[in-house]
Colleague: 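One structure is given below, represented as C-alpha cells, and several questions about it will come after.
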Number of protein chains: 2
Amino acid sequence: MTQMNKRRPTTPKQAAMRRNPVDDLLDPELFKALGDKTRVRLLGCLAKCGRPCAVGEIAQCCSVDLSVVSRHLALLARAGVLEASKSGRTVSYAVRFGEVSSHLRALADAIDACCPEGSRDDMSATCCRPA
Amino acid sequence: MTQMNKRRPTTPKQAAMRRNPVDDLLDPELFKALGDKTRVRLLGCLAKCGRPCAVGEIAQCCSVDLSVVSRHLALLARAGVLEASKSGRTVSYAVRFGEVSSHLRALADAIDACCPEGSRDDMSATCCRPA
DNA sequence: CCTACTCTTGCGCCATGACACAAATGAACA
DNA sequence: TGTTCATTTGTGTCATGGCGCAAGAGTAGG
C-alpha cells in the first residue's frame, strides 16, 4: 500500500502546517508566466513547432512588437518553461518538454494524493496513480 | 498506432495555424488564477485539508483581510479550480481534485505529444503516454 | 571600420489587480 | 423584528505588468 495513513488535520490552518509536495509544485512564478494571453500563444506556437525557433520567427505568431516578444520569451525561460540558445546573432528558444510535462504530472499526482478516497469526482484521473 | 504522422510545419507561424490540444489546455485564465502567491497558498491549504472549508476558516491560513480571501476564493471557483457550496450563512469551498488533476495531466500529455521523438530530455515523462 | 541584421533594454503610458477598510447583504435565532 | 454572525461588495490606494517606440548592444560581412 502506498496509501499514507497520516491523520488529516481538521482545520485548514493545521493543514497549512503540514509539508506536502503541492507546496513546491504550486509555484506562483511558473503559473504567472503561463497566465498571460500573449505568452501562452507564444508557448503554444513554439510547442506545436516542436523545434528551437528564433525570436524574430516566433514574433510572427502574434501581432505585438518584437521587443515585447523578446521580453515574454525571456520571462518564460526564467520560469523554466523555455530554454534559450544563442548561435551567431540569432537567439533561439525551445520548449523544455520533459521538465514542463513532468512538473505538471507531479502536480497532478500531488493534488490527487490530497484528495480523500471516494470523493474523487473524475475517474479519468486515476492514470499514473498507484491506486 | 496512436502515433500521428502529420508532417511538422517548418515555421512557428505555420505551426500556429494547426489546431492542437494545447490550444485549449493552455488556458491563460486558469493559470492567471494560479499565478498569485496568496491564492496559491489558499489553494494549497484547501487541498491539504482535503475537505470543504468555510471562508472564515480558510482565511486563517494567511494574513490578509477576510474580504480579500473571499475575492480570491471566488476567483478560483470561477477559474474552475474550486467549487462553492452554501449551507445556511456559511459558504464552503472545496478543491475540484478530479478536474484539476485531469486537466494538468491532459496538458502534460498534449505537450509531450508536441515533442519530436528523441529530443525528450526527461524520461520520467513517459508515464501515461502510448509511446 | 562601417553597415546591416537580430535581439535586448530604457522609458513612458495605461490597464489590471491586490489590498485594507467600511458598508451592505443574507441567514439564523431570540 | 431586531441582533448577531458569515460573507460579499463598494471604494480608494498603490504596485505590478503589458505595450509601443526608440536607442543600445552584439555579431557577421563587405
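Each chain gets a letter, A, B and so on, in the order its sequence line appears, and its residues count up from 1. None of the values given here were measured: they were computed from a predicted structure.
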Colleague: What pairs of residues pass the side-chain hydrogen bond (donor to acceptor under 3.5 Å, both in side chains) test when at least one of them lies in residues 52-68 of chain B, not counting sequence neighbours?
Modeller: Arg51(B)-Glu57(B), Asp65(B)-Ser67(B)

Colleague: Taking atom P of dA18(C) as reference, at what distance in whole Å does atom NZ of Lys32(A) sit?
Modeller: 9 Å

Colleague: Under 4.5 Å between any side-chain heavy atoms of Cys53(B) and Ser92(B), yes or no?
Modeller: no

Colleague: Only one of Val55(B), Leu82(B), Asp36(B) clears side chain to side chain contact (heavy atoms under 4.5 Å, CB included) with His72(B); which?
Modeller: Asp36(B)

Colleague: Decide side-chain contact (heavy atoms from CB on, under 4.5 Å) for Leu75(B) and Arg39(B); before the verdict, give the C-alpha distance in whole Å, the side-chain angles of both, and the deciding distance to 0.1 Å.
Modeller: CA-CA 9 Å; Leu75(B) 192 153; Arg39(B) 269 195 300 272; 3.6 Å; yes

Colleague: Does Asp23(A) form a salt bridge (charged side-chain N to carboxylate O under 4.0 Å, His left out) with Arg41(B)? I'd like the steps, not just the answer.
Modeller: CA-CA 8 Å; Asp23(A) 296 328; Arg41(B) 175 159 182 85; over 6 Å; no

Colleague: Is the closest side-chain heavy-atom distance between Met17(A) and Thr11(A) below 4.5 Å?
Modeller: no

Colleague: To the nearest angstrom, how far is Leu76(B) atom CG from dT8(D) atom P?
Modeller: 13 Å

Colleague: Take Val69(B) and Cys62(B) through the side-chain contact (heavy atoms from CB on, under 4.5 Å) test and state the conclusion after the steps.
Modeller: CA-CA 9 Å; Val69(B) 173; Cys62(B) 55; 4.3 Å; yes

Colleague: Rounding to an integer number of Å, can you tell me how far Leu75(B) CG sits from dA18(C) C1'?
Modeller: 11 Å

Colleague: Would you call Lys32(A) and Asp27(A) a salt bridge, taking side-chain N to carboxylate O under 4.0 Å as the test?
Modeller: no

Colleague: Any chance you could list the contact pattern along nucleotides 25-30 of chain D? Use B for base contacts, S for sugar-phosphate-only contacts and - for none, protein heavy atoms under 4.0 Å, 5' to 3'.
Modeller: --BS--

Colleague: In residues 54-62 of chain A, what residues come within less than 4.0 Å of DNA chain C, judged by heavy atoms?
Modeller: Ala54(A), Val55(A), Gly56(A)

Colleague: Could you write nucleotides 19-24 of chain D as a row of B, S and -, 5' to 3', where a protein heavy atom under 4.0 Å of any base atom gives B, of only sugar-phosphate atoms gives S, and otherwise -?
Modeller: SBBB--

Colleague: Heavy atoms, side chains only, cut-off 4.5 Å: are Cys114(B) and Asn20(B) in contact?
Modeller: yes

Colleague: Over how many whole Å does the gap from Phe31(B) atom CZ to dG17(C) atom P extend?
Modeller: 17 Å

Colleague: Would you mind reading off the distance between Lys37(B) atom NZ and dG17(C) atom C1', rounded to a whole angstrom?
Modeller: 17 Å

Colleague: Does a side-chain N or O of Ser70(B) approach OP1 or OP2 of dT8(D) to a distance below 4.0 Å, or not?
Modeller: yes

Colleague: Give me each pair satisfying ring-ring contact (aromatic ring centres under 6.0 Å, His included) with a member in residues 37-57 of chain B, each pair once, sequence neighbours excluded.
Modeller: none

Colleague: Take the protein atom OH of Tyr93(B) and the nucleotide atom P of dA6(D), then report the distance between them rounded to whole Å.
Modeller: 16 Å

Colleague: Tell me the interatomic distance from Leu82(A), atom CG, to dC7(C), atom P, rounded to whole angstroms.
Modeller: 14 Å

Colleague: In chain order, what residues pass the side-chain contact (heavy atoms from CB on, under 4.5 Å) check against Val40(B), with sequence neighbours excluded?
Modeller: Leu26(A), Pro28(A)

